[in-house]
Amino acid sequence: MTATTDRAAPTTRLWDLPVRLVHWSFALLVPLLWWTAESGKLDLHKNLGLVMLALVAFRLLWGVVGSDTARFARFLEGPAAIRNYLAGLRSSDHAPVVGHNPLGGWSVIGLLTLLALQVSLGLFAQDTDGVKSGPLNYLVTWDTAKALSEAHEVGFNLILALVALHLAAIFYYRVMRREDLISPMVTGQRRFAVPVAAPRMAPLWRAAVCAMLAGGLAVWLSTGLALPWDKPPAAPPPPADYM
Amino acid sequence: MKPSPLLILAALLVPVTSVALAASPAGIIKVRHQNFEGMGRAMKGLFDELRKPAPNFAVFKASATVLANSAPRIANHFPKGSGPESGLKTDALPAIWQKPGEFTAATNRLVGTTQALQAAVASGNVMQVSKAAGDVGGSCKNCHDTFRKPR
């Protein structure tokens with residue numbers, strides 16, 4: 001990506017509002033989810049996890065119907081494109097990439113896959129006491145849930161590793177290539193030294209539809225896949241302060 | 001009722017085998033881990049059943065029996081030398097041996113709540129079972145907060 005601080009260069013709208021909101025929500029939620037799990041605030045952890053699930057589901061939908069720079073089909077490239085991009089990084093006259101570069105695109109997929117896996121495992125996870133558990137825990141046996149809970153812990157370490165790589169890449173572009181990747185993720189705008197084709201932005205009503213679908217999925221999962229004609233449980237769940 | 005000879009034999013053998021297993025710190029840790037694991041399973045069984053519109057009281061009874069039988073064993077599951085100083089994998093904190101009075105109070109509280117759970121199950125009232133199950137969960141947490149390594 002060739003960017004410039006030249007004030008004369010025209011700004012290009014790079015990241016739409018949904019992409020930026022989802023990105024910064026991830027940045028906020030990952031540490032919060034870690035902290036609530038470590039300190040045993042499992043009810044808060046479960047609720048924040050469901051918010052995370054809705055965000056991941058939204059981002060996956062947005063990767064199909066969203067703006068150009070959000071779409072998986074637009075930024076997922078094969079090994080040849082990655083090799084070319086890496087070779088271009090060493091020369092100074094490579095063409096700018098508007099959106100995720102071929103390597104960064106796979107980092108996005110890696111992080112989204114891990115987050116999707118992590119929230120799915122969380123749905124089945126349980127605390128050691130067998131009292132506080134994910135909304136789908138009741139569907140599996142104690143032993144299965146125990147294995148999934150352990151995988152939920154491993155999953156967090158994998159997420160940490162990819163986040164570290166993500167931050168290292170941002171640092172590399174900032175220091176070695178003098179490219180600021182953070183500001184565009186805040187403002188959505190970026191200046192390119194050479195004229196570039198502006199990415200097509202998806203209308204916000206489409207984001208609203210995706211958000212409703214994703215939110216609906218999270219709410220439905222939180223009920224343990226209850227159907228409207230199901231009879232309610234015989235007793236309310238025990239108060240939140242037990243675990 | 002006259003107890004059957006087989007029952008007497010079983011009653012005699014249970015402590016013998018327990019002691020044999022529990023002879024080493026590794027054995028002690030294994031036995032107490034299995035005891036806690038069984039309680040966890042019973043808690044899950046209890047809460048899974050409470051989710052249902054028409055819970056089966058036989059499941060409540062089985063879980064409550066496991067809990068009420070396992071809870072009193074805990075007091076004997078932490079002899080000196082079976083903590084982290086043994087070098088073995090355990091989440092037991094030294095606080096168990098530093099504050100024996102508090103630890104006994106915590107295990108007694110669990111024994112009490114598991115007995116109350118059995119009474120609630122015997123009453124046949126789902127709401128009472130739910131409340132009593134929550135109280136057992138509260139006494140698990142009460143002890144874990146102070147005496148078990150945080151996750």
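Per chain, numbering begins at 1; letters A, B, ... match sequence-line order.
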| remark: CZ of B/Arg51 to CG of A/Leu139, rounded to nearest 0.5 Å, is 7.5 Å
| message | If you compare all heavy atoms of B/Pro53 against all heavy atoms of A/Ala234, which two are closest, and at what distance to 0.1 Å? | response | O-CB, 3.5 Å
| query | Which answer fits A/Gln126, side chain, backbone, both or neither, if we ask what part of it has an atom under 4.5 Å from a heavy atom of chain B? | reply | side chain
| remark: The reported gap from OG1 in A/Thr128 to CZ in B/Arg148 (rounded to nearest 0.5 angstrom) is 3.5 Å
| said: Within this structure, what is the NZ-NZ distance for the pair B/Lys141 and A/Lys132, rounded to the nearest 0.5 Å? | reply: 10.0 Å
| note | Okay, B/Glu49 and chain A: the region with an atom under 4.5 Å from a heavy atom over there is neither
| request: Count the heavy atoms of every other residue, nucleotide or ligand shown that sit under 6.0 Å from CH2 of A/Trp220, and state whether that count exceeds 12. | output: no
| request: Inspect the surroundings of CD in B/Glu85 and state if more than 12 heavy atoms from other residues, nucleotides or ligands are less than 6.0 Å away. | output: yes
| message | Heavy-atom count check: over 12 atoms from other residues, nucleotides or ligands less than 6.0 Å from A/Arg74 CZ? | response | no
| task | Determine whether more than 12 heavy atoms belonging to other residues, nucleotides or ligands lie under 6.0 Å from atom CD1 of A/Ile182. | result | no
| said: With a 4.5 angstrom heavy-atom cut-off, is it the side chain or the backbone of A/Thr141 that approaches chain B, or both, or neither? | reply: backbone
| said: Is A/Asp230 close to chain B through its backbone or its side chain, or both, or neither, when contacts mean heavy atoms under 4.5 Å? | reply: neither
| field | Neighbour count >12 (heavy atoms, 6.0 Å) for atom OH, A/Tyr172 | value | yes
| task | Measure across B/Lys44 and A/Trp142 and return the closest heavy-atom pair with its distance rounded to 0.1 Å. | result | CE-N, 3.6 Å
